[in-house]
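Below is one structure; the comments refer to it alone.
Naming: A, B, ... by sequence-line order, numbering from 1 per chain. These numbers come from the heavy atoms of this one structure, side chains and all, not from hydrogens, waters or symmetry mates.
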There are 2 protein chains.
Amino acid sequence: MPPPPPPSTEDPPSMSGSVGSVTPAFSPLYQQIKGLILHSLQHGEWKPGEAIPSEIELAARFRVSQGTVRKAIDELAAENLVTRRQGKGTFVSTHTERQVQYRFLKLLPDEGDASVEGPAQRTILECRRARASVEVARILALRAGDPVIQIKRILSFTGVPTILEDIWLPGQAFKGLTAEQMAHYQGPTYAMFEIDFGVRMVRAEEKIRAVLPDETQAQWLNVTCSTPLLSVERLAYTYNDAPMELRRGLYRTDTHHYYNELS
Amino acid sequence: MPPPPPPSTEDPPSMSGSVGSVTPAFSPLYQQIKGLILHSLQHGEWKPGEAIPSEIELAARFRVSQGTVRKAIDELAAENLVTRRQGKGTFVSTHTERQVQYRFLKLLPDEGDASVEGPAQRTILECRRARASVEVARILALRAGDPVIQIKRILSFTGVPTILEDIWLPGQAFKGLTAEQMAHYQGPTYAMFEIDFGVRMVRAEEKIRAVLPDETQAQWLNVTCSTPLLSVERLAYTYNDAPMELRRGLYRTDTHHYYNELS
DNA sequence: GAGTGGTCTAGACCACGCG
DNA sequence: GCGTGGTCTAGACCACTCA
């Protein structure tokens, strides 16, 4: 900012944190802009799949240069919250887009690739309203006894049952979710969550272990009790690092494997 | 570039790909600069841990603006090939740095964190020169029968054997590697590879399955044959996507878990 | 051809690390 | 106080998309 800001009716966001604070907490302008855009994203100013305003418009709105909003958007794009498309605009990310469907599912077939195999067939075994146990409440940042929705399902690939999953969702946010919805929605479950409940899963953590199934689990997956399985516990978050889904999956790894890239 | 380039004794990198090509293959300047820096990195112009020239120096060398080399370095930093340190410079990344030690090891203790637990104790069971099998050759991009070094070792945490690993390395690049080196080097094995052999592991892929150990494996890990284990096959790459290490690990997951972040 | 994101430049100033 | 990376601006031009 060469001279003091040019005459304007509205002050631009302040350059630094509070003056005289013990921790100066310097925050660059573009981080503040990023925060403002994030806020609009969270509060649904633009819906998933929609375009956000152009860089020039945002620069005008926030009274900063295009380069500054560009850097803010760059970070949002790096976090997969928005998607840039040259010549078209910047769009709120979705779990619906073809290329990145099943973004969070890292299980790949040993032979061929996921696109050959096609999407999983879903069998809903259970979908009921329940009360959060102490453990589930802790993980989902609820109180024990709060309403939750519990789902049990099987995912099959080319007819072979491969994943047995238990899902817990906060009842509050997913009021009215039915087994029919879970079973018949075309496309990723997370896309349905976005469209029908306005809940966007933004990132997730997984803890993976090797386990043996019990009798019931083995039957559902059509394996023996001595077949080792991957136990995948996933905690998925919306904006603001708010946990919104707990998933416990058992993955068969005789025809598939969990794939991960490190750098 | 407003007017044609200012008078200079050396031409800057060309702005576009070959003229008249069917695919114009437009490549931005900063990508070309990135390529040049990468080339210097690969050929050891700057060694791991050393500082690369300042942005201003590089800008002068390549006859572009500081902003352009900045964007090139930004990408290299995003890929963990270099590390920026404000006020000090930009440094060639290392597997030695404290914070990111064991960058590629995703196994965490269930209780406490890795820093509490401390580094793994290594027990080398085997370290010998051998010939690549057809399978290993295919994976490491060698020819069957080419010399390889084969290592078998156990990693223990707080005295408990937790990981049983088989490692295959191209004999060419790791000529002279001994069991003593593997056992007694302080710090990550990948740091030793950098210092003693000039081989930098830059990224890796892992395929994970659940398996049961055979008799021998079970004994080494001090578990029964019916204890399910994580089978982790890792292929690690140096520059240029050249595969340089194959690792097959068996991980106990009774006290640890494989942790992964998705976004 | 108008509008969007993408690249490139040049220059100013800021925060940080170190002697 | 100097050199480094980090932020911010203003302006020009390029590549892509779509009407």
Side-chain angles (χ1 to χ4, degrees), chain A residues 1-6 8 12-17 19 21 23-35 37 46 50-60 62-78 82-93, chain B residues 1-6 8 12-17 19 21 23-35 37 46 50-60 62-78 82-93:
Chain A
M1 282 192 287
S8 74
S14 75
M15 180 69 183
S16 291
V19 179
S21 168
T23 47
F26 164 75
S27 169
L29 232 196
Y30 76 87
Q31 285 286 4
Q32 300 176 43
I33 303 299
K34 180 183 169 188
I37 298 175
W46 318 294
E50 283 182 14
I52 72 174
S54 76
E55 296 178 351
I56 294 175
E57 279 178 78
L58 289 172
F62 299 129
R63 302 188 192 286
V64 297
S65 79
Q66 187 184 354
T68 301
V69 342
R70 167 162 277 276
K71 183 143 190 186
I73 294 178
D74 277 346
E75 293 211 347
L76 294 171
V82 298
T83 304
R84 320 190 74 141
R85 282 181 232 160
Q86 184 173 153
K88 302 183 71 173
T90 301
F91 298 78
V92 183
S93 298
Chain B
M1 283 189 286
S8 74
S14 75
M15 180 68 183
S16 291
V19 181
S21 170
T23 48
F26 165 76
S27 168
L29 233 196
Y30 76 86
Q31 287 286 4
Q32 302 177 41
I33 303 300
K34 181 183 168 187
I37 298 176
W46 317 296
E50 283 181 13
I52 72 174
S54 76
E55 296 179 352
I56 293 175
E57 280 178 77
L58 289 173
F62 299 129
R63 302 186 193 287
V64 298
S65 79
Q66 186 184 356
T68 299
V69 343
R70 168 162 277 276
K71 184 143 188 184
I73 294 178
D74 277 347
E75 293 210 348
L76 294 172
V82 298
T83 305
R84 321 190 74 140
R85 282 182 231 159
Q86 184 173 151
K88 301 184 71 175
T90 301
F91 298 79
V92 183
S93 298

Taking OP1 and OP2 of [N], is either one under 4.0 Å from a side-chain nitrogen or oxygen of [X]?
X	N	result
A/T90	C/dG5	yes
A/K71	D/dC8	no
B/R84	D/dG6	yes
B/K88	C/dC16	no
B/S54	D/dT4	yes

Between atom [atom1] in [X] and atom [atom2] in [N], what is the gap in whole Å?
X	N	atom1	atom2	value
B/E55	D/dG5	CD	P	5 Å
A/I56	D/dG11	CD1	P	12 Å
A/R63	D/dC8	CZ	C1'	17 Å
A/Q86	C/dG6	CD	P	6 Å

Looking for any heavy atom pair under 4.0 Å, which part of the strands does B/R70 touch: base, sugar-phosphate only, or nothing?
base
Assign each of A/G87 and A/D74 the nucleotide of DNA chain C bearing its closest heavy atom; nearer the 5' end lies the nucleotide of A/G87
Note: A/Q32 and A/S27 closest approach over all heavy atoms is NE2-O, 3.0 Å
(Q) Taking the side chain as everything from C-beta on, heavy atoms only, tell me whether A/T90 gets closer than 4.5 Å to A/L76. (A) no
If you define the side chain from C-beta out and look only at heavy atoms, does anything of A/E57 sit under 4.5 Å from A/I52? no
